[in-house]
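Computed from a predicted structure; not experimentally measured. Proteins come first, then strands; the chains are lettered A, B, ... in the order of their sequence lines, and each starts at number 1. All heavy atoms count here, side chains included; hydrogens, waters and symmetry mates do not.
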Protein chains: 2
Amino acid sequence: MKMLMNVPETVVADALRGMAAAHPELTVDVEQRVVVRRDAPVAGKVALVSGGGSGHEPLHGGFVGPGMLDAACPGEVFTSPVPDQMVKAAAAVDSGAGVLFIVKNYTGDVLNFNMAAELAEDEGIQVASVLVNDDVAVTDSLFTAGRRGTGATLFVEKIAGAAADEGAPLERVEAIARRVNESSRSFGVALSPCSTPAKGSPTFDLPAGELELGIGIHGEPGRERRAMMTSHEIADFAVDAVLSDLQPTGPVLVLVNGMGATPLLELYGFNAEVQRVLGERGVVAARTLVGNYVTALDMAGASVTICQVDEELLRLWDAPVQTAGLRWGR
Amino acid sequence: MKMLMNVPETVVADALRGMAAAHPELTVDVEQRVVVRRDAPVAGKVALVSGGGSGHEPLHGGFVGPGMLDAACPGEVFTSPVPDQMVKAAAAVDSGAGVLFIVKNYTGDVLNFNMAAELAEDEGIQVASVLVNDDVAVTDSLFTAGRRGTGATLFVEKIAGAAADEGAPLERVEAIARRVNESSRSFGVALSPCSTPAKGSPTFDLPAGELELGIGIHGEPGRERRAMMTSHEIADFAVDAVLSDLQPTGPVLVLVNGMGATPLLELYGFNAEVQRVLGERGVVAARTLVGNYVTALDMAGASVTICQVDEELLRLWDAPVQTAGLRWGR
């Protein structure tokens, strides 16, 4: 598998150097692997810190900026960052109002963020943590006990970020983040496997005529494999998997997310089918976002995330955001 | 080649329906294949219309909105739109201040936009046209006489769009668009071929251990094939190809553009190498944009576009823009 890189060992550091060059509004510590908004700490504001393995870009570094994260800690590809990074990030962004850790539910991430929370509190930083576990495909998987954290991470980071931006205190930002996670469900499919730089070849096999329903963002197994389906059929399957679990009683946010290698042309086409199914099921899409946001390197495929919103969550979703990966308003 | 679609015949219409659902700020005519900003025509403003084959998304539909295009006409995949679409688009957005057609240099596009300009003028719409031909890789190619139009299209659409937004008259917007094109050069590489929905298989062969230097955005042949190179070596080759032609004497805009299937992690790493070469050659990158903007379906690879700017062009680049694919300020 050909990759646009030098050697696997420097892929993450190289990307961080390239990110620093493109984004003067960020402070990128390439050595310590911490991405921080340049104006941090923001006086009086609760700070949001997230992180996880690299390979899911723009998540999380691309979501650092006003209205979303204050800092991100990228680990090696598909590997949790270490507590040291998280503590450094927390120290860099804490204004005294406390720090919220947003943690995708993978065993390594949970362990390391827990350890980091203790270490940061030893340094006098008030820390709260929220776990994201939205993927309805499977309970327990290759790297997870319980549900995996996937697309809802974007909703949690954006909406909790807006609450923090408005001046909400730590317990309130934490409660909102938790509410967003509890109101969100995801389901993904893979049309092709992904290849990590270290391995240099596909991390799993997927026969030419089949797709994997319920794939994880590291290529972890889903529910089943089937003969290739149409966009219409995939949307039926994915949206019904989400709705059978969430059963929304009000308007929703929709994320139609590309896994990395699926063209935007196909993602928009898939969105047409997702919207059709939602309409047929009587679900109102208040806002829809289509694009590559929570990716799995060069995997082809897509996921659907749905988040039920009330007026407050919708207002926070619409609030201005200024990051490399997500930007609107102001 | 598996694709997230129903049947090849409806890929473009499906994508337009999905785009309409995600972007209430656009008016999408799925039947006529015209994407228009909802508030068009904007009183007194020169209108910008572009278009081309589908498969390069977010170009052009994703660049419709305040500060950039007023309308886009998507053709079939890798196929020019027809004059009818362009005339409809021009009529929908003309406020009386005239319309600028932004045309990538491919034989079909040039022919059809020329015909559309005549038809629109017959309807009393004042039309000017600017050709984008920035790709230094080859002169004459599979679909082109002269240089191909690629990444610089984004610079032309953004900067001319800002000039129109400021109230510049048609001849001034046209002159600025022409200046941006003349100040821009691009060079692209492919690590993998792309597959069109109609064909369902790769449009060209690229052996496992090789890359194509100077690829076009439809997979047209470039300068040469070589054994796979590192990101460092590719950046040297691509940037030198651009600089040997442009020889900038002042600061530049840099676009490090993904062809579609190359992960953002790799694109940022490639940007680090591009910036290194620019630094070594004494070229100052005033602004850098990294991401998938002018794509070739599921092709893996990247291109570098450089545009020399003066104070005016830089100010227009920095001006607010509100589109699905590019957004900042305001």
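Of the two parts of V274(B), neither the backbone nor the side chain holds a non-hydrogen atom closer than 4.5 Å to a non-hydrogen atom of chain A. With a 4.5 Å cut-off on non-hydrogen atoms, H23(A) touches chain B through its side chain but not through its backbone. Within the 4.5 angstrom heavy-atom criterion, no atom of P74(A) approaches chain B. Contacts of V256(A) with chain B are absent, with no heavy-atom separation under 4.5 Å from either backbone or side chain. With a 4.5 angstrom heavy-atom cutoff, M228(A) touches chain B only via side-chain atoms. Interface residue L206(A): backbone and side-chain heavy atoms are both found under 4.5 Å from chain B. Contact annotation for A324(A): only side-chain heavy atoms (C-beta onward) come within less than 4.5 Å of a heavy atom of chain B.
For the options N6(B), L191(B), T230(B), heavy-atom pairs under 4.5 Å to chain A are most numerous at N6(B). Counting heavy-atom pairs under 4.5 Å between each of G260(B), P24(B), A21(B) and chain A puts A21(B) at the top. Put simply, of M1(A), E57(A), R276(A), the one with the most heavy-atom pairs under 4.5 Å next to chain B is E57(A). Most heavy-atom pairs under 4.5 Å with chain B, from the set L289(A), V11(A), T10(A), T288(A): that is T288(A).
For a heavy-atom cut-off of 4.5 Å, chain B lies close to L297(A), D298(A), A302(A) in residues 293-307 of chain A. Interface residues of residues 261-271 of chain A toward chain B, defined by a heavy-atom distance below 4.5 Å and sorted by number: A261(A), T262(A), P263(A), L264(A), L265(A), E266(A), L267(A), Y268(A), G269(A), F270(A), N271(A).
By the 6.0 Å contact criterion, CD on E31(B) is open, its count of non-hydrogen atoms from other residues, nucleotides or ligands being 12 or less.
In terms of heavy atoms, K2(A) sits closest to E210(B) at NZ-O, 2.7 Å.
Residues R17(A) and E273(B) meet the side-chain proximity criterion, which asks for heavy atoms closer than 4.5 Å.
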